Amino acid sequence: MPASVVYTCRVTNWAMLWFDIFLLVLWTGLLWATGSGVVEFLLTALMIIALVKVTVQASQRVSAGPGGLAVNLGAFGFPRITIAPADIARADIVDLPVTAWSGQGGVFWKRRRGWFLTPTRGPALRLTLTSGRMVTVSMPEPRVALWAMDITP
């Protein structure tokens, strides 16, 4: 039985990661310094949002092979998104432009473009699924990922 080819990579938005960590430290200092209940509540909510961004949106690990595409989000690899090759109707290699969303990166959804799993701008793989939904995933070498999944763009 021949060995199968698997492409793996990790994509990290270091600027977003360090900025969010800076905000966490700043908000923690403000939380300790303030005495107002409303301000403490708002700072705590902002800290929770920043923690979620740091742990889920700043980094992702992508694996592509004969079993399809798997994206493990965040520092702990959770949540995990898997797409089987049978669910892929079309695959395109795109270059994510510099926009307000791409500078921030992370996981988000747009009505016309579907899900974006894009911590960074640059090369990405845009998959159109058989259900009609679209998923865009950042990776340094999308052509190699398609080759590992045995899909032609």
Side-chain angles (χ1 to χ4, degrees), residues 1-28 42-153:
M1 183 166 141
S4 59
V5 175
V6 176
Y7 168 75
T8 61
C9 67
R10 178 167 286 281
V11 181
T12 304
N13 186 340
W14 290 105
M16 183 177 76
L17 183 66
W18 286 113
F19 181 72
D20 286 340
I21 289 173
F22 169 75
L23 288 179
L24 280 171
V25 170
L26 178 71
W27 290 332
T28 302
L42 290 175
L43 288 173
T44 304
L46 289 173
M47 286 178 64
I48 291 170
I49 291 169
L51 277 172
V52 168
K53 283 184 68 173
V54 165
T55 57
V56 176
Q57 294 187 356
S59 179
Q60 68 187 20
R61 182 177 174 270
V62 180
S63 300
L69 185 76
V71 181
N72 296 353
L73 298 172
F76 305 111
F78 179 80
R80 179 184 171 134
I81 293 116
T82 57
I83 301 170
D87 294 336
I88 300 171
R90 182 175 161 196
D92 298 311
I93 297 171
V94 296
D95 191 36
L96 296 174
V98 177
T99 62
W101 284 109
S102 66
Q104 166 182 325
V107 178
F108 58 93
W109 180 80
K110 287 186 175 181
R111 188 171 53 102
R112 294 182 188 244
R113 295 285 184 176
W115 281 102
F116 282 78
L117 310 173
T118 54
T120 61
R121 60 184 170 255
L125 184 61
R126 180 169 291 149
L127 302 174
T128 304
L129 306 180
T130 54
S131 65
R133 294 184 180 187
M134 294 174 63
V135 178
T136 304
V137 181
S138 289
M139 62 183 69
E141 298 169 336
R143 194 170 306 281
V144 177
L146 287 176
W147 179 71
M149 292 188 292
D150 197 25
I151 296 174
T152 57

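As the structure is a computational prediction, the values presented were derived from the model and not from experiment.
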CZ/Arg126 to CG/Leu96 distance, rounded to the nearest 0.5 angstrom? 7.0 Å
As an exercise, state the distance from CE of Met134 to CG of Asp92, rounded to the nearest 0.5 Å. 7.5 Å
Is the closest side-chain heavy-atom distance between Pro140 and Val11 below 4.5 Å? yes
Kindly check if the number of other-residue, nucleotide or ligand heavy atoms within 6.0 Å of CG (Asp150) is above 12? no
State, with a plain yes or no, whether a side-chain heavy atom of Ile81 is found less than 4.5 Å away from one of Gln60. no
Do you know the tightest heavy-atom contact between Val62 and Ser138? CG2-O, 3.9 Å
Any residue meeting side chain to side chain contact (heavy atoms under 4.5 Å, CB included) with Ser59, in chain and number order, not counting sequence neighbours: Arg10, Thr12
Mind listing the closest non-hydrogen atom pair of Pro123 and Pro142 along with its distance? CB-CD, 3.9 Å
Answer whether the closest heavy-atom distance between the side chains of Leu125 and Met149 falls below 4.5 Å. yes
Please round to the nearest 0.5 Å and tell me the distance separating atom CZ of Arg121 and atom CG of Asp95. 10.5 Å
From Ile88 CD1 over to Leu146 CG, what is the distance, rounded to the nearest 0.5 angstrom? 8.0 Å
Look up atom CD1 in Ile151 and atom CG in Leu127, then write down how far apart they are to the nearest 0.5 Å. 7.0 Å
Please step through side chain to side chain donor-acceptor pair (under 3.5 Å) for the pair Thr82 and Arg80, ending with a clear verdict. CA-CA 7 Å; Thr82 57; Arg80 179 184 171 134; 5.5 Å; no
Looking at Tyr7 and Glu141, what are the two nearest heavy atoms and their distance? OH-N, 3.3 Å
